[in-house]
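One structure is given here, and the rest of the page talks about it.
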Amino acid sequence: MGMKRRDFIKTTAIGLAAPTTIFGGSKLKTNKNDPIILSTWDHGLPANDAGLISLQNGGNAMDAAEAGARIPEGDPKSTSVGFGGLPDEQGNVTLDACVMDSTGNAGSVAFIQNIKHPVSVARKVMEDTKHVMLVGEGARQFAVSQGFEEIDLLTNESKAAWEKWKKKRRKMTPHETHDTIAVLAQDNKGDLAGACTTSGWAYKMHGRVGDSPIIGAGLFVDNEVGCAGGTGLGEEVIKTAGSFLVVELMRQGYDPTKACEEALNRVIKKHNGNPDFQIAYIAIRKDGKIGSACIKWSFEYALARGEQNKLHKIKGLL
Ligand code: GLY
């Protein structure tokens with residue numbers, strides 16, 4: 001059934017009248033002089049420290065977010081990010097990462113192999129190419145052309161874990177592997193930026209790409225409103241444009257935690273109120289208020305603000 005023209009006009013008028021943004025009325029002040037770094041999981045603590053050092057050395061929000069994300073990427077004990085990340089079902093470590101800065105620029109790499117710091121390659125894509133996203137072999141070639149060293153990302157430990165898994169091929173979900181790091185930063189000018197990096201779902205299908213390199217899914221930054229990042233089952237984050245949704249909800253006036261909750265409620269509803277997987281979001285609003293929520297079990301985020309860098313544990317909505 002087609003929509004009559006008069007109905008269309010009515011719908012459009014209502015659509016236009018609906019949400020007033022909190023920022024249109026500039027009710028919130030931009031947070032300045034109180035830099036914030038907010039990261040997912042406990043690997044967020046050392047990531048935040050690196051971000052703070054970057055800010056102290058004159059870096060901006062983008063420098064801080066990148067510096068933070070590089071820490072678990074280089075740490076073989078972080079088995080869901082970068083070097084030492086658990087491989088796909090064929091034993092290949094394939095990495096996804098993206099960055100977004102305060103000007104709305106973005107860069108991303110997906111399914112990249114043999115490069116330790118995909119987040120920095122993503123930043124190079126943003127700054128030195130006309131593109132937003134490079135994948136696979138093209139991303140690797142670009143990284144090498146930019147001077148990134150090639151290394152074997154599979155450690156003895158991650159190889160042993162994969163060989164053990166291969167015997168039974170048990171289905172893994174991302175929350176079992178601790179997952180992605182998203183790092184959100186606000187510098188002392190009040191500018192926002194973010195970075196996100198992961199080795200993705202452990203023992204995934206070869207070629208699988210998750211939410212972490214998808215702008216609007218694993219990460220989104222709007223310097224007028226706020227920024228958000230996600231961790232958990234990437235497929236479901238992509239299908240709900242999760243981080244973009246969190247930022248848009250903040251634009252409509254949702255408090256950062258309520259925005260994260262509402263974005264997760266949409267996923268929960270799609271799964272008849274009982275999803276069997278985890279997603280968590282973190283968010284910073286332009287005025288410096290932060291928020292977070294997760295679907296179930298629990299989730300930890302690391303928050304660095306002022307002199308303190310602390311881990312905070314939250315319970316799931318279900
Ligand atoms: N959130 C990470 C992934 O699903 O790959």
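None of these values were measured; they are calculated from a predicted model. All heavy atoms count here, side chains included; hydrogens, waters and symmetry mates do not.
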Does a side-chain heavy-atom distance below 4.5 Å link [X] with [Y]?
X	Y	result
Ile53	Leu55	no
Ile268	Leu318	yes
Met133	Pro213	yes
Ile215	Met100	yes
Glu261	Leu317	yes
Ile37	Leu184	no
Thr40	Ile282	yes
Ser292	Phe299	yes

Name all pairs fulfilling the salt bridge (Lys or Arg N to Asp or Glu O under 4.0 Å) condition that reach into [range], sequence neighbours left out, sorted by first residue then second.
range	value
residues 237-249	Glu236-Lys239, Glu248-Arg251
residues 128-144	Lys124-Asp128, Glu137-Arg140, Arg140-Glu150
residues 86-107	Glu89-Arg169

Where do Ile284 and Leu192 land on the side chain to side chain contact (heavy atoms under 4.5 Å, CB included) test, with the steps shown first?
CA-CA 8 Å; Ile284 305 177; Leu192 298 163; 4.1 Å; yes

Would you say the side-chain atoms of [X] pair up with the backbone N or O of [Y], donor to acceptor, closer than 3.5 Å?
X	Y	value
Asp152	Leu154	yes
Ser78	Val81	no
Lys116	Phe148	no
Gln186	Ala61	no
Glu300	His43	no
Trp165	Arg170	yes
Asn48	Ala302	yes

Once you measure the plane-to-plane angle for Phe111 and His206, does it fall in the parallel (<30°), tilted (30-60°) or perpendicular (>60°) bin?
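Rings of Phe111 and His206: perpendicular, over 60°.
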
Treating Ile, Leu, Val, Met, Phe, Trp and Tyr as nodes and any side-chain heavy-atom pair under 4.5 angstrom as an edge, say whether Leu303 and Val221 lie in one connected cluster.
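Both belong to a single hydrophobic cluster.
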
Same hydrophobic cluster for Val144 and Val125, using side-chain heavy-atom links shorter than 4.5 Å among ILVMFWY?
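Result: yes, single cluster for both.
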
Note: Lys189-Asp187 ion pair, threshold 4.0 Å (strictly below):
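Judged by the 4.0 Å cut-off on N to carboxylate O distance, Lys189 and Asp187 do not form a salt bridge.
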
Does Arg123 come within less than 4.0 Å of Glu127, counting only side-chain N to carboxylate O?
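Salt bridge: yes.
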
According to side-chain hydrogen bond (donor to acceptor under 3.5 Å, both in side chains), who are the partners of Lys166, at least two apart in sequence or on a separate chain?
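Listed in chain order: nothing, the list is empty.
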
Which residues satisfy the side-chain hydrogen bond (donor to acceptor under 3.5 Å, both in side chains) test with Asp255, sequence neighbours excluded?
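So Asp255 forms a side-chain hydrogen bond (donor to acceptor under 3.5 Å, both in side chains) with Lys289.
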
Quick check for you: to the nearest 0.5 Å, what is the distance between [X] atom [atom1] and [Y] atom [atom2]?
X	Y	atom1	atom2	value
Lys269	Leu264	NZ	CG	14.5 Å
Ile295	Cys260	CD1	SG	12.0 Å
Ile115	Leu153	CD1	CG	8.0 Å
Lys32	Asp287	NZ	CG	13.0 Å
Ile290	Thr257	CD1	OG1	6.5 Å
Trp162	Tyr203	CH2	OH	10.0 Å

Which atom of [X] lies closest to which atom of [Y], heavy atoms considered:
X	Y	value
Ala283	Met250	CB-CE, 4.0 Å
Asp179	Thr198	OD1-OG1, 4.1 Å
Ala304	Asn309	CB-OD1, 3.7 Å
Lys310	Leu45	C-CD2, 3.8 Å
Asn223	Gly190	OD1-O, 4.1 Å
Ala195	Val99	CB-CG1, 4.1 Å

Are a donor atom and an acceptor atom from the side chains of Asn60 and Asp191 found within less than 3.5 Å of each other?
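Their side chains do not contain a donor-acceptor pair, so the 3.5 Å distance test is not met.
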
Chi angles and distances behind the side chain to side chain contact (heavy atoms under 4.5 Å, CB included) call for Arg266, Leu245
CA-CA 10 Å; Arg266 297 202 189 174; Leu245 179 57; 3.5 Å; yes

Residues which pass ring pair (Phe, Tyr, Trp, His ring centres under 6.0 Å) with [X], listed by chain and number, not counting sequence neighbours:
X	value
Phe244	Phe220
His271	Phe277
Phe83	none

For Thr180, which of Cys196, Ser199, Ser80 qualifies under side-chain contact (heavy atoms from CB on, under 4.5 Å)?
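Among Cys196, Ser199, Ser80, the one that satisfies the side-chain contact (heavy atoms from CB on, under 4.5 Å) with Thr180 is Cys196.
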
Which residues share a side chain to side chain contact (heavy atoms under 4.5 Å, CB included) with Ala139, sequence neighbours left out
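Listed in chain order: Val109, Ile112, Leu134.
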
For Thr240, enumerate each residue passing the side chain to side chain contact (heavy atoms under 4.5 Å, CB included) test, keeping only those at least two apart in sequence or located in another chain.
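Checked Thr240 against side chain to side chain contact (heavy atoms under 4.5 Å, CB included); matches are Val267, Lys270, Tyr281.
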
Could you list the donor-acceptor pairs under 3.5 angstrom formed by side chains in residues 67-77, with sequence neighbours left out?
from, atom 1, to, atom 2, distance (Å)
Arg70, NH1, Ser120, OG, 2.7
Glu73, OE1, His117, ND1, 3.0
Glu73, OE2, Val119, N, 2.9
Glu73, OE2, Thr197, OG1, 2.6
Asp75, OD1, Lys77, N, 2.8

Please say whether more than 12 non-hydrogen atoms of neighbouring residues, nucleotides or ligands are located less than 6.0 Å from CD in Glu149.
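No - once you tally the heavy atoms of other residues, nucleotides and ligands closer than 6.0 Å, there are 12 at most.
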
Between Gln113 and Thr94, does the side chain to side chain contact (heavy atoms under 4.5 Å, CB included) criterion hold? Intermediate values first, please.
CA-CA 5 Å; Gln113 295 179 56; Thr94 72; 3.8 Å; yes

All salt bridge (charged side-chain N to carboxylate O under 4.0 Å, His left out) counterparts of Lys159, not counting sequence neighbours
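For Lys159, no residue satisfies salt bridge (charged side-chain N to carboxylate O under 4.0 Å, His left out) once neighbours in sequence are set aside.
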
